[in-house]
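Keep in mind the model is a prediction, meaning the values are calculated, not measured.
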Amino acid sequence: MAHCPPELLDDLADVLAEVRTWAGVIEKKPNVFYVRRQPFLHFHLVDHGRRRADVKGRISWLQLDLPRPISSARRRTLLRALRARYGEK
């Protein structure tokens, strides 16, 4: 499964900018984030050009579909999930 190209994540720029400011977050490749050497967040391009965020908590991965352009409600859901999973690490 292919990683999502950076140009297809332009509507998430503010979310990704916030994640980059969190303590211990390292962006190993564009839009591939780790927290303290552990995988945390990356994006895939799935069937029919859909996007998906994979967010790792302490134990398991959460997969979130991300329509493009992203709605404000879906953006809030993504940020909530990111903050919660980051808090687990």
Minimum heavy-atom distance Leu62-Ala81, with the two atoms named | CD2-CB, 3.7 Å
Might you work through the side chain to side chain contact (heavy atoms under 4.5 Å, CB included) test for Arg85 and Lys56, ending with a clear yes or no?
-> CA-CA 6 Å; Arg85 298 305 183 284; Lys56 178 101 168 39; over 6 Å; no
Salt-bridge criterion met for Arg74 and Asp11 (N-O under 4.0 Å) | no
Spacing of Leu12 atom CG and Leu78 atom CG [to the nearest 0.5 Å] | 6.5 Å
Should the pair Phe40 and Tyr86 be assigned to parallel (<30°), tilted (30 to 60°) or perpendicular (>60°) ring geometry?
-> perpendicular
Hey, does Val32 have a side-chain heavy atom less than 4.5 Å from the side chain of Phe43?
-> no
Do Phe33 and Val19 have side-chain heavy atoms sitting under 4.5 Å apart?
-> yes
Minimum heavy-atom distance between Asp14 and Arg75, given as atom pair plus value | OD1-NH1, 2.8 Å
Lys/Arg-Asp/Glu bridge criterion (N-O < 4.0 Å) met for Arg83, Glu88 = no
Check whether any side-chain heavy atom of Trp22 sits under 4.5 Å from a side-chain heavy atom of Val35, and report yes or no.
-> no
Flag yes if more than 12 heavy atoms outside Arg36 fall under 6.0 Å of its CZ atom; otherwise flag no.
-> yes
For the pair Asp10 and Arg68, find out whether any cationic side-chain nitrogen is under 4.0 Å from an anionic carboxylate oxygen.
-> yes
Does Trp61 share a hydrophobic cluster with Leu41, counting links as ILVMFWY side-chain heavy atoms below 4.5 Å and allowing steps through other members?
-> no
Minimum heavy-atom separation for Leu9 to Cys4, with atom names?
-> CD2-SG, 3.9 Å
Identify whether the distance between the nearest side-chain nitrogen and carboxylate oxygen of Asp54 and Arg52 falls below 4.0 Å.
-> yes
Please check if the side chain of Arg51 supplies one atom and the backbone of Leu45 the other of a donor-acceptor pair under 3.5 Å.
-> no
Among the clusters formed by ILVMFWY side chains lying less than 4.5 Å apart, do Val25 and Val15 turn up in the same one?
-> yes
Taking all non-hydrogen atoms of both residues, which atom of Tyr34 and which atom of Pro39 are closest, and how far apart?
-> CD2-N, 3.4 Å
Roughly how far, to the nearest 0.5 Å, is the OG1 atom of Thr21 from the CG atom of Leu16?
-> 11.0 Å
Would Asp65 and Arg50 pass as an ion pair if we require N to O under 4.0 Å?
-> yes
